[in-house]
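Each remark here refers to the structure printed beneath this line.
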Number of protein chains: 2
Amino acid sequence: MPLGFEKHDHSTCIKDALETAESYCASENLQLTKTRRRVLELLLHEHKALGAYDILATLSKEGLGTQPPVVYRALDFLVANGFVHKIEKLNAYSACTHPGQSHTPVFMICHKCNAVVEAQTKPLRGFLGVAAKAAGFLIERTVIEAVGLCPTCQENTPA
Amino acid sequence: MPLGFEKHDHSTCIKDALETAESYCASENLQLTKTRRRVLELLLHEHKALGAYDILATLSKEGLGTQPPVVYRALDFLVANGFVHKIEKLNAYSACTHPGQSHTPVFMICHKCNAVVEAQTKPLRGFLGVAAKAAGFLIERTVIEAVGLCPTCQENTPA
DNA sequence: TATGTGGTGTTATATTATAACATAACGGAT
DNA sequence: ATCCGTTATGTTATAATATAACACCACATA
Ligand SMILES: [Zn+2]
Ligand SMILES: [Zn+2]
Ligand SMILES: [Zn+2]
Ligand SMILES: [Zn+2]
């Protein structure tokens with residue numbers, strides 16, 4: 001699924017991502033606490049983006065907290081450490097599918113089924129880097145998101 | 001200013017953009033009403049992004065309306081017709097600096113002085129197009145935003 | 001005149017996110 | 001053992017962004 005929308009063994013996705021997060025946190029002395037881990041699991045459950053309040057609703061049912069700061073703190077931690085990305089276009093959050101690798105994510109968002117797929121790029125290569133260089137601009141972070149239709153939804157949406 | 005952050009005759013920027021908007025609206029039978037025009041002017045005033053409520057505060061002082069729908073309706077019109085872009089990373093709005101030209105904007109946002117510069121790209125060329133093609137994804141809109149430091153703020157921010 | 005379309009005014013509410021302050025849990029230094 | 005710094009949590013309140021819904025009006029045109 002790093003490459004696209006095709007079917008895959010998603011339980012492996014989840015397991016790998018959790019293991020990567022755990023070992024990274026262990027090595028960096030970061031605390032992957034119960035709530036943080038659970039938020040990551042929820043985001044890994046599907047290749048979709050979830051809103052903070054959707055996540056909070058689940059946490060609340062599970063007795064892990066009821067107030068917005070609970071989920072925003074967990075998300076802050078997960079985003080800061082590269083396990084989760086914020087999808088700016090959706091004001092929503094999506095588990096990283098390339099954890100551990102330093103990378104600049106590029107998202108493809110299906111506006112019909114809400115699937116979100118993450119690809120990678122080199123930010124300083126290609127158009128953006130050229131434009132930034134021409135302008136003398138120093139890039140620190142990038143937001144690159146494409147909204148459209150995934151292959152499945154294209155089939156089911158006759159032109 | 002299409003190319004970068006350098007100084008320029010900004011009154012010309014404003015004048016050109018307003019004239020372009022006026023003639024486009026005339027030719028398309030679109031109504032550039034008082035409020036819509038004023039919002040565009042406010043956004044043209046500087047190469048910065050303004051939040052909807054910042055704009056509303058000014059409209060309110062000027063007797064053009066006090067409620068959120070006033071500004072959101074004007075912004076909807078201006079965005080739909082390509083005179084203004086939404087900067088997703090900031091939840092804010094910025095006047096287009098290439099009005100009339102069909103284009104895919106790319107933004108460079110200085111997080112120190114809040115300047116926003118718009119460049120252009122071909123969305124289906126380069127990395128994004130390649131990744132989308134590989135995934136079978138049909139791109140309809142793109143969000144490409146770089147956050148960092150403009151040339152001036154780099155000078156004034158010793159490493 | 002009737003009717004449709006697009007624009008405005010207004011009230012209310014939804015959605016997303018953070019400020020602020022109190023409490024707890026842990027580790028190392030004294 | 002006590003103190004203290006750091007990190008995490010609990011909680012209340014509020015800020016910031018955005019939309020739903022409905023009433024009204026102006027204009028075109030049939
Ligand atoms: Zn990632
Ligand atoms: Zn889809
Ligand atoms: Zn533009
Ligand atoms: Zn700057």
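You'll find a donor-acceptor pair under 3.5 Å spanning the side chain of A/Tyr53 and the base of C/dA17, going by distance alone. Judged by distance alone with a 3.5 Å cut-off, no donor-acceptor contact links the side chain of B/Arg73 to the base of C/dG6.
Heavy atoms of B/Lys34 sit nowhere under 4.0 angstrom from any nucleic acid atom. Using a 4.0 Å heavy-atom cutoff across all strands shown, A/Thr33 reaches sugar-phosphate atoms only and no base atom. B/Thr66 comes within 4.0 angstrom of nothing in the nucleic acid, heavy atoms only.
Heavy-atom distances to DNA chain C give each of B/Gln67 and B/Thr35 a nearest nucleotide, and the one nearer the 5′ end belongs to B/Thr35. Both B/Gly65 and A/Pro69 lie near DNA chain C, and the one whose nearest nucleotide falls closer to the 5' end is B/Gly65.
Counting to the nearest Å, the P atom of D/dG10 and the CZ atom of A/Arg36 are 12 Å from each other. As rounded to whole Å, 11 Å separates atom P of C/dA17 from atom NZ of B/Lys89. If you measure from atom CG of B/Leu64 to atom C1' of C/dG7, you get 14 Å, rounded to the nearest angstrom. In this structure, the CG atom of B/Leu56 is 12 Å from the C1' atom of D/dA18, given to the nearest Å. D/dT17 atom P lies 10 Å from atom CG of B/Leu90, rounded to whole Å. Protein atom OH of A/Tyr72 is 12 Å distant from nucleotide atom P of C/dA19, rounded to whole Å. Distance B/Leu75 CG to D/dA18 C1': 11 Å, rounded to the nearest Å. Computed from coordinates, the B/Glu88 CD to D/dT17 P distance equals 13 Å when rounded to whole Å.
A side-chain donor-acceptor contact under 3.5 Å links A/His103 and A/Glu118. When only modelled atom types and interatomic distance are considered, A/His98 and A/His85 share no side-chain donor-acceptor pair under 3.5 Å.
Residue B/Cys13 is tested with B/His45, B/His47, B/Glu46 for a side chain to side chain contact (heavy atoms under 4.5 Å, CB included); the sole match is B/His47.
Residue A/Gln31 places at least one side-chain N or O closer than 4.0 Å to OP1 or OP2 of D/dA8. For C/dT15, neither phosphate oxygen OP1 nor OP2 lies less than 4.0 angstrom from any side-chain nitrogen or oxygen of A/Asn91. When the side-chain nitrogen and oxygen atoms of A/Tyr93 are compared with OP1 and OP2 of C/dA17, one or more of them lie within a distance under 4.0 Å.
Between A/Pro68 and A/Leu56, some side-chain heavy-atom pair lies under the 4.5 Å cut-off.
Note on ring orientation: taking the six-membered ring where Trp is involved, the planes of A/Phe77 and A/Phe83 are tilted (angle from 30° to 60°).
Proximity note for B/Pro68 (side chain, C-beta onward) versus C/dT10, D/dT11, D/dA18: the nearest is D/dA18.
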